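Heads up: the structure comes next, in structure tokens.
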Amino acid sequence: MRTYKLALPAIISAACLALSANAMAETWKMAIGDAAGGTQYELGESFAEELKKRTDGKVKVNLFPNGQLGSEQDTLNNASMGMLDLSILAINNITPFSPTVGVLTLPYVIHGAEDAKLLTQGDVGKELTENTIRDAGVRIVGWAYSGCRRLTNSVRPVASPADLKGMVIRVPKNEIMIASYQAWDVNPNPMAWSETFTALQQGVVHGQDNPYITIDAMKFYEVQKYITNSCYVFSLEPLVIGEGKFQSLSPDMQTTVLEAGKAATDHSYDYLLAQEEGIKKRLVEDHGMTITEPADNESEWIAKASTIWPDFYKSIGGKDKLDEVLQVLGREPAPEK
Ligand code: MLT
């Protein structure tokens, strides 16, 4: 009885502490467009772990991969309206809401992972983040680096644009990417990412483009046979938080979110470098895909697609914006027309 009397206050206060800790604990929802196993999921998991560690477990992030919470463009809208905390989606699906980020999806501007890192982690990335807050109501707090987008199809090996004759290719609902395919004289079918696998499976479209890691994560090898080792756009996939949500956080918590995002971004870069070659090999050896090199070092693809640049100078904020990007990458200014 005596023991019981002494223990009771301790038990009550422990229960109160647990209750108040629980009351302070929060769970945030994160939408992810791709299936688990890709670079988007890797970034999401890493961010969730970093946030948990940095908040002593007070903030937990639940991940919803594979478009469970809607198409990538829908999840951006939902985060912007405060109906969703976080989303990871391809940059090309942000461009329609924040046109200046289109500079990152202009064909053949980014040549590889190093270019992508230079741009996203420097002043260009900062400016595009500010523009995206202003235009789309979401803040970019991390970046997944997914690799070059490779063209896949179910019909035949493709080395030159003419090899795509008669095929319908799924493209994101992104004006710049649609125009790139038109420059190659190909029939593009703009379609949400969440509908793409089924459309490929049913033969509504014959091909699409995405990085090796995404092709693998989405099991596209089940419905596509041929890959062209092209690199017309480098796939960047930002982690965004609704700006309303971000502003509702204390200054300390805002810093924690940004730090967790930076750590997850660094992890994503290392992950790409460590995984891409092995996954490319697996697509051929384990899944029977065929990889074709673009003819003449991709020169015809590059020449034709680059003609569309001037059509988008206005939407990306002027030719100067592209020139700034090219300068960071150590390249010549863009043509006037
Ligand atoms: C798209 O093709 O719409 C996206 O790049 C897919 C993705 O988010 O991985």
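Since we're looking at a predicted model, the values are computed, not measured. We're numbering straight along the sequence, starting at 1. For ligands, and for the atoms within them, numbers begin at 1 and follow the listed sequence.
The 12-atom threshold is exceeded at CG of N187, counting heavy atoms of other residues, nucleotides or ligands nearer than 6.0 Å.
Shown in contact with N92 at under 4.0 Å from a heavy atom are these atoms of ligand 1, numbered in order with element: 1 (C), 3 (O), 4 (C), 5 (O). Per-residue contacts place E72 under 4.0 angstrom from the following atoms of ligand 1 (heavy atoms of the residue considered): 7 (C), 8 (O). The N210 neighbourhood of ligand 1 comprises atoms 2 (O), 4 (C), 5 (O), 6 (C), 9 (O), with distances under 4.0 Å to a heavy atom of that residue. Listed by atom number, the atoms of ligand 1 under 4.0 Å from T214 heavy atoms are 9 (O).
Salt-bridge formation is detected for the pair K321/E324: a Lys NZ or Arg NE/NH1/NH2 atom is positioned less than 4.0 Å from an Asp or Glu carboxylate oxygen. In this structure, E49 does not pair ionically with K53, as no charged nitrogen and carboxylate oxygen lie closer than 4.0 Å.
Regarding atom 7 (C) of ligand 1, its nearest protein heavy-atom neighbour is D34 OD1, 3.2 Å. Here the heavy atom of the protein found nearest to atom 5 (O) of ligand 1 is R149 NH1, 2.8 Å. For atom 4 (C) of ligand 1, the nearest protein heavy atom (residue, atom name, distance) is A90 CB, 3.5 Å. The protein heavy atom nearest to atom 3 (O) of ligand 1 is R170 NH2, 2.9 Å.
With a heavy-atom cut-off of 4.0 Å, N93 touches ligand 1 through its side chain alone.
Close N/O approach between D209 and ligand 1 is not found [any backbone or side-chain N/O within under 3.5 Å]. For ligand 1, the polar-atom distance check finds an N/O of Q40 within less than 3.5 Å of one of the ligand's N/O atoms.
Side-chain atoms of R170 and T196 include a donor-acceptor pair closer than 3.5 Å. Side-chain atoms of Q208 and T152 include a donor-acceptor pair closer than 3.5 Å.
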Original post:
Where do E259 and K262 land on the salt bridge (Lys or Arg N to Asp or Glu O under 4.0 Å) test, with the steps shown first?
Top reply: CA-CA 5 Å; E259 285 173 355; K262 173 74 175 89; over 6 Å; no

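Ligand 1 lies out of reach of M218, whose nearest heavy atom is not under 4.0 Å from it.
To the nearest 0.5 Å, atom CG of residue L89 and atom CG of residue D34 are 10.0 Å apart.
Under a cutoff of 6.0 Å and an axis angle of 45°, K29 and F64 form a cation-pi pair.
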